Amino acid sequence: MRSPELGDMPADEFRRYGYQIVDTIADYFENIYTRPVLSQAEPDWLRSNLPSEPPQQGEEFGGVLADVDRLIMPAVTHWNHPSFHGLFSTSTSSVGVFGEMFAAAFDMKAMLWRTAPASTELEDVVLDWLRQMMGLPEYFEGIIYDTASVSTMHAIAAARERANVRVRDEGLSGRPDVPLMRVYCSEHVHSSIDKACITLGLGIRSVRKIECNDRFEMRPEMLAEAIEDDISAGYLPICVIPTVGTTSTSSVDPVDAVADIAEKYGLWLHVDTAYAGSTAILPEFRHYFKGWERADSIVVNPHKWLFTPFDLSVLYCRELDELKRAFSLVAEYLKTTDEAGVKNGMDYGIQLGRRFRALKLWFVIRYFGVEGLQARLREHCRLARLFGAWVDESEQWELLAPVPFALVCFRARPGGLPETAVNELNERIMNEINASGDAYLSHTKLSGRYTIRLSVGSIRVELRHLEKVWRHLNESLNRRSYE
Ligand SMILES: *Cc1c(COP(=O)(O)O)cnc(C)c1O
């Protein structure tokens, strides 16, 4: 008999609350459109409503659940809301939630194959499915990390290892024999590249940002020039990172031309397609990725635009063993003599234990099928282009960047208003919509212009949601014109 003071929650209690939670989440998804997209809570509201000390005695779980509704929910920004158009619109599917439930229940830590055979092998299988879906050649093998930031950091670590300066063993500090290493990317690259270089001891100084054309795409001739420049200065180029789908505008660097240059100088080619990579499952979008089959590594985030709950980022490598060379380190208590030839997740990165993330992606791919996923992405891209056409055809608005995927960059530009007042006008329009809770938009600055970004990517988004935000934008603009 279990002592009532010890052990876990009794099974009947788990069942009761478990059913209640599934009901709550189902209602949440069903009625999410009634909630404000951005949390309307003020800073510190939640903190000031919570006891500052932990309970000494366990509490009735029903009361804890009631607090989720009363205290947590008001401080939630609803990424699953169909009118979440800010940053990149990302959302989970319901089956993705099931994946997280099982992963938490099994609570496996995939270090060695034997500590998590299902996780280790399912990861290989599901990443090979995704590879086929995206039309990548068979020599690419994937590994799952939490985020693209971490995937990219591992790629640059492998590039640094390949550069043959023995950083793994000797480090970088106290070494006058190591030249300044260089990592190249466009000026529109994601900040995760800079952060990876900070973490890896290369420093921000090692990141060289290459000029873009007026479509915000890296100019390969400027890249070649920069590399020549650096070589004659005695620096050591190690890696070049083109982006397919940049964060500001979703622009596409010319991967094939960049690959020619990487090849010429023997640099590691890492393709950052954390956001747009999902569209490679659509044959009619493959042209954006031309040349990525020549990469050493590619990062794509199913947690961004493949309806898989955060977090799940995939790093595909041409030679997964190069990652292993950079990171494998086997402590005595982890040495195994049996199971020769099995893959041990811990060999491919800085983490020892790894979450069972493959399960939720497996659920998503099986539930929707390749065709179901393709249909959803196609619809998002269609809706974004439609919105782009509304902007383009309007006298009062203008597009500020091409729309290759499902992100629209635009601004209000009413006739008669001096250019100096346009930035403030757009900032006020966006802030007004965000404060209303009806939709969430975010912004960027392009050549000094305040640019509103509208991303379409929620599994729950429909035409009417875009019509709603378009109506709001116009109402807000017209109100301002009368001021
Ligand atoms: C979102 C994004 C990232 C960062 O993704 P995380 O998974 O949050 O680290 C990196 N690069 C690009 C191009 C992105 O769109």
Side-chain angles (χ1 to χ4, degrees), residues 77 79 84-92 96 130 134 142-157 183-200 207 209-210 212 216-218 239-255 258 269-280 285 288-289 292 295 297-316 349-351 354-355 357 360-361 377 380-381 384 401 403-409 440 442-444 453-458:
T77 284
W79 286 69
F84 188 113
H85 298 296
L87 310 173
F88 281 121
S89 169
T90 72
S91 60
T92 183
L130 184 63
M134 299 194 308
I143 181 108
I144 296 177
Y145 296 114
D146 50 3
T147 57
S149 305
V150 169
S151 293
T152 291
M153 191 208 72
H154 283 86
I156 300 175
V183 173
Y184 305 87
C185 50
S186 97
E187 53 192 340
H188 285 277
V189 82
H190 190 267
S191 56
S192 55
I193 313 302
D194 302 73
K195 284 204 179 174
C197 288
I198 295 173
T199 311
L200 292 167
V207 183
K209 301 210 169 148
I210 307 300
C212 291
F216 315 105
E217 303 156 347
M218 189 198 285
C239 180
V240 52
I241 308 182
T243 306
V244 178
T246 57
T247 312
S248 257
T249 69
S250 77
S251 61
V252 177
D253 290 335
V255 178
V258 170
L269 180 66
H270 175 62
V271 178
D272 182 358
T273 185
Y275 157 67
S278 299
T279 64
F285 280 70
Y288 291 124
F289 300 87
W292 74 335
S297 56
I298 298 168
V299 58
V300 53
N301 275 3
H303 74 223
K304 243 181 194 159
W305 200 5
L306 221 48
F307 319 119
T308 305
F310 191 76
D311 46 13
L312 197 164
S313 172
V314 182
L315 182 70
Y316 282 105
I350 55 169
Q351 280 185 266
R354 308 171 68 254
R355 262 157 51 70
R357 296 192 181 88
K360 55 190 174 185
L361 183 55
L377 294 193
H380 294 168
C381 295
V403 185
F405 304 105
L407 174 73
V408 189
C409 293
Y440 174 43
S442 63
H443 81 283
T444 186
R453 293 167 74 266
L454 176 132
S455 163
V456 184
S458 170

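As the structure lists them, so they are numbered: ligands from 1, and atoms in each ligand from 1. Because the structure is predicted, anything quoted here is derived from the model rather than measured.
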Can any side-chain N or O of Glu187 pair as donor or acceptor with the backbone N or O of Cys212 at less than 3.5 Å?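 Yes; at least one donor-acceptor contact below 3.5 Å.
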I'd like to check the salt bridge (charged side-chain N to carboxylate O under 4.0 Å, His left out) partners of Asp146; sequence neighbours left out, ordered by chain and number.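 Asp146: no salt bridge (charged side-chain N to carboxylate O under 4.0 Å, His left out) contacts found.
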Tell me, please, which residues at least two apart from Lys304 pass salt bridge (charged side-chain N to carboxylate O under 4.0 Å, His left out). none
State which residues pass side-chain hydrogen bond (donor to acceptor under 3.5 Å, both in side chains) with His188; sequence neighbours excluded, sorted by chain then number. none
Between Ser151 and Ser313, is any side-chain donor less than 3.5 angstrom from a side-chain acceptor? yes
Could you list each nitrogen or oxygen of ligand 1 that sits under 3.5 Å from a protein nitrogen or oxygen, with the atom names and the distance?
residue	atom	partner	partner atom	Å
ligand 1	7 (O)	Ala148	N	2.8
ligand 1	7 (O)	Asn301	ND2	2.9
ligand 1	7 (O)	His303	NE2	3.3
ligand 1	9 (O)	Ala148	N	3.3
ligand 1	9 (O)	Ser149	N	2.9
ligand 1	9 (O)	Ser149	OG	2.6
ligand 1	11 (N)	Asp272	OD1	3.2
ligand 1	11 (N)	Asp272	OD2	2.7
ligand 1	15 (O)	Lys304	NZ	2.8

Name the residue from Phe88, Tyr275, Phe405, Phe285 that meets the ring-ring contact (aromatic ring centres under 6.0 Å, His included) definition with Trp305.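 Filter result, single survivor: Tyr275.
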